[in-house]
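Quantities reported herein were computed from a predicted structural model and do not represent experimental measurements.
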Amino acid sequence: MTEIEVSGLGKRFDAVEALTDVSFSLSGNKICGLLGRNGAGKTTLLSILAGYERQTAGTVLIDGEPVFENATAMGKTCLVRGTGDAVSPAENVRDLIRYAGQLRPGWDAEYAATLLDLFEVGRNKQPKALSHGKRCALGVTIGLASRSPLTVFDESYLGLDAPSRYAFYDALLADVMAHPRMVIISTHLIEEVGSLFEDVLILDEGRLLLHEEADTLRAAGAAVTGDAALVDSFTLGLEVLGEKTLGSTKSAMVYGPLDDKRRAQAKQVGLDLGPIALQDLFVHLTSGGSR
Amino acid sequence: MTRRWPTMRIMLTAHLYFAALTCAALLGVTLVVAVGISVWGEVDRSYWHYVATQFLRWIAFGLGVDAISSYLRMHIAHGRTRRDFLRQLFPYLVGLSVVYAVLVVLGYLLERGVYALTGWPPRREDSPLLDSIPDVLGYVGPFTLMLLLWAIAGVLLSAAFNRDAVLGLVTIPIGLLIIAPSEFIVDVVTVPFLRTVVESLRVTTLAGIGLGLAGIAIGCVAIWGIVRDMPMRPKVA
Amino acid sequence: MVFDDRSPIYRQIADQIEAEVLSGALAGDEQVMSTNKYAAFHRINPATVNKAFQQLVDDGILYKRRGIGMFVSPQARETLRARRRKSFFTDVVEPMVAQARAIGIELPELIERINELSREGER
């Protein structure tokens, strides 16, 4: 059972505010998704969570202890960024895995070996001789085999090809069920991995936009389609994320719960109410110049 | 031991072989060079001496750089603190310096043995081949200190540049200060110009050692200051 | 069965199991796949599966036998049919009538066609 408590977190790089006033708590053993556009601050947030960087404002606690340079807190975390910081270019895979075993108390060497075979990563090669995909696989292996109470994959599996990605999802699920831990996955491949998430956090331009249960989020939006004028009058007062018009038909994406009264009203007037995919919700909730 | 000193153990096992092989290879090359020189001229001094005093220091420097650039990141990535790394780093550097110093001395002894067989007499007064064997064995101390200073300088510069280019530039003079005593420590000064400097400054070996230890202290403090909260930016994959 | 991202997944899981009960694919007192197996098979978060199963237990469709697993209630099919019967008219009939009217089919025509189907069914 891991408890993460982030409060008023801020990070400034020279003149740039990468993170502003981020607060949330996560507790238990679950798989959480951290979504955000490129540059939203995901890597910065995760780096601070793992003690790779120090925040410029606010606090971050793991099981009640501040993280930076705290042996207990940092020892519970395994962050895999990109192709992996634990992957040193000059050693070969076999040695790197052995080092991991020497440095991490909870390391499962057999499991690591199984994963390396699964992803077909050659033991004798040096990481620089591996393809990008295989290097990612190595990073992901280290993350999984670490069995760290808090394991974080920062877009680390994105370099894997599709079959390997699905192998990773299956391995992750199976391992989390057998050895419960808190897992945070930062990604932009939401459609593929969205069904694994229990909680979803969305970062936008350095701020936390929302923190919600994945299923609640899936029910949080609706696409209202029908005659343009009717749609407009229906969506008055509601938060509209985006609209599409074709001729006299309009489809508006609305965010926020629609109670039964509203739903009945829509049906009466002949408007069609449909769900919005998590991916679309994400695209429309976060900035990107389209607002 | 594994729990308390894993990083040190990793760095040692990664580099001990390298140390032995490098020194063996260098000694081999040195002797080949000596043979070559004997064909055209006279072999009147120890050539291993150049390698030992001038060349190996750069290897020590490189090992210091490598400790930061390769191992610090991996250490932190596996959930350990920077403080923990620094704690293990110093014994590692000392240990490695001792190992190299011992290999250096072995090199001197082997060279001496070869010269005895081939009958090449050392004529120059400052050649270590003229020193007695106990004296040669005593080289381990000074060489350890010299190599340690260069390794510390390597760590310092590497950590500083890693953090910030300007900081890196600022530490260059500090690095130079740290390695400067090595000229006085290794009592056998080879570069004639520097010998003049040494003699004019009347720096004795003892003072040199004192300066060296001060250099170690300064280096360690500076390294600690830079590394203790060093950010780990994502690697450019 | 692929679960889409457009509505709560636990609801989709519950619907799928209900459909299997209604169609007879899952019989009364038959054991349902365990949460973990289900999650692994469909690549979904096990907590979500748990939520779905819990919902079905609350609705009386499934019951739990400690240490063994989840089973279909013997009366599950009947419960579902009754529930569907209740909402059939609001969910199916009324929209059908509205749609028929919208395209110009009058009620008597609709009723005639239904009677026809009933006669064909009897034969």
Identify the two heavy atoms, one from A:Asp170 and one from C:Ala40, that lie closest to each other, and give their separation to 0.1 Å.
->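 That closest heavy-atom pairing would be OD1-O, 4.2 Å.
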
Considering only heavy atoms, which portion of A:Tyr166 lies under 4.5 Å from any heavy atom of chain C: side chain, backbone, both, or neither?
->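 Both parts, backbone and side chain.
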
Chain C contact via A:Leu173 - which portion, at a heavy-atom distance below 4.5 Å |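 A:Leu173 touches chain C through side-chain heavy atoms alone.
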
Around atom [atom1] of [X], are there more than 12 heavy atoms from other residues, nucleotides or ligands closer than 6.0 Å?
X	atom1	value
A:Leu246	CG	no
C:Arg101	CZ	no
C:Phe89	CZ	no

Distance-only, no hydrogens or angles: does the C:Asn45 side chain make a donor-acceptor pair with backbone N or O of A:Leu196 under 3.5 Å?
->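 Present.
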
Any donor and acceptor pair, going by atom type alone, linking the side chain of A:Asp215 with main-chain N or O of C:Tyr10 inside 3.5 Å?
-> yes

Does C:Lys51 pair with A:Glu198 as a salt bridge, N-O distance under 4.0 Å?
->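 Result for this pair is no, no salt bridge flagged.
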
To the nearest 0.5 Å, atom CD1 of C:Ile9 lies from atom CZ of A:Phe197 at 10.5 Å

